[in-house]
Number of protein chains: 2
Amino acid sequence: MEEPRWLDEREDRAWRGYRRMRRLLDLELARELTQDAGLSEPDYDVLSDLSETPDQRLRLSELADRMLWSRSRLSHHLSRMQQRGLVTREECPADGRGSVVALTPAGRQAIEAAAPGHVAAVRRHLIDLLTPEEIEALGALTHRVVDHLAGDHRRRGRAEG
Amino acid sequence: MEEPRWLDEREDRAWRGYRRMRRLLDLELARELTQDAGLSEPDYDVLSDLSETPDQRLRLSELADRMLWSRSRLSHHLSRMQQRGLVTREECPADGRGSVVALTPAGRQAIEAAAPGHVAAVRRHLIDLLTPEEIEALGALTHRVVDHLAGDHRRRGRAEG
DNA sequence: GCAAGTTGGTTGACATGTCATCGACCGTAG
DNA sequence: CTACGGTCGATGACATGTCAACCAACTTGC
């Protein structure tokens, strides 16, 4: 057990700031989204990903991978969204095991109604508070971290080790 | 309903990167923490806040405010941690309604055992991947966003409006 | 000193996420 | 063709977080 390199003052400030921002931003965006559109953030993400897809439909596993969700979580969540009439499940023609999620008209309507307000909130509480340089830096830095982590994560999807 | 200002390419890159990083970093840090120390991130945060306090103890409401948790969440979580012997509840001498959480020896031992590995993981997956300029920028930007959000959040604690 | 309103914390019901497991189906080696 | 191992998605049990209701104790105005 060697004495670790603790975070120095600037590092600590960045780390604590990140975690605090994370929490507050999440709370606020979720709050506005529920209030204005009756959707949770996970709902929004599912609908958003589906609506950006050419045919408004995706294989479950494909959607799960894009969202970095477990298949189980997605399955549970889709069941709830299906109850509310936002999405439907269809059989997958290409693979008898699989299924396909599709946006319903109500789902499409929900995301179209929610999107402008949500983007505005993201601007108001984050993007518009940053300088162009900061936006650039944030893009660069997050993508570097993601690339670093993504390898492990994908690898871990297959087997533990 | 006016057409909103959608995110441009750089803004979108920053926003998506942030959310992806958020998710992956969280998964990885939580995974290592559980594996190496048998603690969840919320456990770690509670123990960490308590251990940084002079007397190793805090009023529930004080701790909840620091962590940006609801009182209810904290109460539930402390019950679970109490079960595991990491903390205890004590009566508050100054206010008969209140109570005080205190670190147990086991709790102190747990956080001391967990901290070096956790800090190392934070370095490995985030801090050490950034340039000094980026760390500086991240600190500045997150604190600006937090300040912007903190007002609303505190205000909302009292009354809805 | 007491009635009314506020605050601190707990609780129970419920929503959500995780983990382990399962059945069905796929692909491939024999 | 068939047996085998791996993948797809669903499910049930459980951990965690949220929300609303609650009790008890504090505070304030009279």
Side-chain angles (χ1 to χ4, degrees), chain A residues 22-23 26-28 30-31 33-35 38-46 57-84 87-102 153-154 156-160, chain B residues 22-23 26-28 30-31 33-35 38-46 57-84 87-102 153-154 156-160:
Chain A
R22 192 180 177 310
R23 172 98 182 127
D26 223 39
L27 283 173
E28 181 60 20
R31 203 184 62 81
L33 200 51
T34 315
Q35 193 165 52
L39 296 175
S40 68
E41 284 190 303
D43 292 338
Y44 184 93
D45 290 342
V46 168
R57 71 198 63 230
L58 277 173
R59 278 292 291 276
L60 287 213
S61 48
E62 171 64 20
L63 183 53
D65 287 349
R66 288 193 196 196
M67 303 185 55
L68 303 173
W69 281 16
S70 71
R71 304 185 192 295
S72 159
R73 175 181 182 184
L74 182 59
S75 182
H76 281 304
H77 201 89
L78 289 179
S79 300
R80 294 186 292 257
M81 293 181 72
Q82 196 169 15
Q83 286 289 321
R84 295 194 283 148
V87 298
T88 52
R89 276 183 235 245
E90 303 172 353
E91 288 193 355
C92 175
D95 188 330
R97 294 164 299 184
S99 31
V100 172
V101 219
H153 184 260
R154 261 196 306 280
R156 188 160 298 110
R158 322 184 153 282
E160 192 56 37
Chain B
R22 194 181 175 311
R23 173 93 181 130
D26 224 39
L27 283 173
E28 181 60 18
R31 202 184 62 82
L33 199 50
T34 313
Q35 192 166 54
L39 296 175
S40 68
E41 285 190 302
D43 292 339
Y44 184 94
D45 291 342
V46 168
R57 68 197 66 230
L58 279 172
R59 279 293 290 277
L60 287 213
S61 48
E62 171 64 20
L63 183 54
D65 288 349
R66 288 193 196 195
M67 304 186 50
L68 304 174
W69 281 16
S70 71
R71 302 185 193 300
S72 160
R73 176 182 183 184
L74 182 59
S75 183
H76 281 303
H77 200 90
L78 288 179
S79 300
R80 294 186 293 255
M81 292 181 71
Q82 196 168 16
Q83 286 290 321
R84 295 193 284 149
V87 299
T88 52
R89 279 164 154 103
E90 302 172 352
E91 288 191 356
C92 175
D95 187 330
R97 294 164 300 182
S99 33
V100 172
V101 220
H153 184 260
R154 263 196 304 281
R156 189 159 298 113
R158 321 184 153 281
E160 192 53 36

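Keep in mind it's a predicted model, so treat the numbers as computed, not measured. In what follows, chains carry the letters A, B, and so on, assigned in the order in which the sequence lines appear, proteins first and then strands, with residues in each chain numbered from 1.
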Calculate the interatomic distance between [X] atom [atom1] and [N] atom [atom2]; express it in whole Å.
X     : N      : atom1 : atom2 : result
A/M81 : D/dA10 : CE    : C1'   : 18 Å
B/Q82 : C/dT10 : CD    : C1'   : 12 Å
A/R84 : C/dT16 : CZ    : C1'   : 12 Å
A/W69 : C/dT16 : CH2   : P     : 10 Å
B/L74 : C/dG9  : CG    : C1'   : 10 Å
B/E41 : C/dG17 : CD    : P     : 16 Å
B/L33 : D/dT16 : CG    : P     : 13 Å
A/D43 : C/dA15 : CG    : P     : 13 Å

Can you see if the side chain of [X] gets near the phosphate of [N] - specifically, an N or O under 4.0 Å from OP1 or OP2?
X     : N      : value
B/R80 : D/dT16 : yes
B/R71 : C/dT11 : no
A/R73 : C/dC19 : no

Map A/R23 and A/R59 onto DNA chain D by nearest heavy atom, then report which one ends up closer to the 5' terminus.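 So the residue in question is A/R59.
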5′-ward residue of the pair B/S70/A/L78 relative to DNA chain D: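 The residue whose closest nucleotide sits nearer the 5' end is A/L78.
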Which part of the nucleic acid, if any, lies within contact of B/H76, taking any heavy atom under 4.0 Å across all strands shown: a base, the sugar-phosphate backbone alone, or nothing?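 Result for B/H76 = base.
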Under 4.0 Å, heavy atoms only, any strand: does B/S72 hit a base, just the sugar-phosphate, or nothing?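 Base, at least one base heavy atom under 4.0 Å.
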Test side chain to side chain contact (heavy atoms under 4.5 Å, CB included) on A/R66 and A/E62; report intermediate values, then the result. CA-CA 6 Å; A/R66 288 193 196 196; A/E62 171 64 20; 2.9 Å; yes
Heavy atoms, side chains only, cut-off 4.5 Å: are [X] and [Y] in contact?
X     : Y     : answer
A/R73 : A/H76 : no
B/D43 : B/H77 : yes
B/S75 : B/R89 : yes

Separation of [Y] [atom2] from [X] [atom1] (nearest 0.5 Å):
X     : Y     : atom1 : atom2 : answer
A/L68 : B/R22 : CG    : CZ    : 12.0 Å
B/S99 : B/L58 : OG    : CG    : 12.0 Å
A/R71 : A/L74 : CZ    : CG    : 9.0 Å

Could you tell me whether the side chain of A/S61 has a donor or acceptor atom within less than 3.5 Å of a complementary atom in the base of D/dC8?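 No such pair is found, so the answer is no.
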Select one nucleotide: of C/dG17, D/dG9, C/dT11, the one nearest the side-chain heavy atoms of A/H77.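 So the nucleotide nearest the side chain must be C/dG17.
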In residues 88-98 of chain B, which ones come under 4.0 Å of DNA chain C, going by heavy atoms?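 Of all residues in residues 88-98 of chain B, the ones placing a heavy atom under 4.0 Å from DNA chain C are B/R89, B/R97, B/G98.
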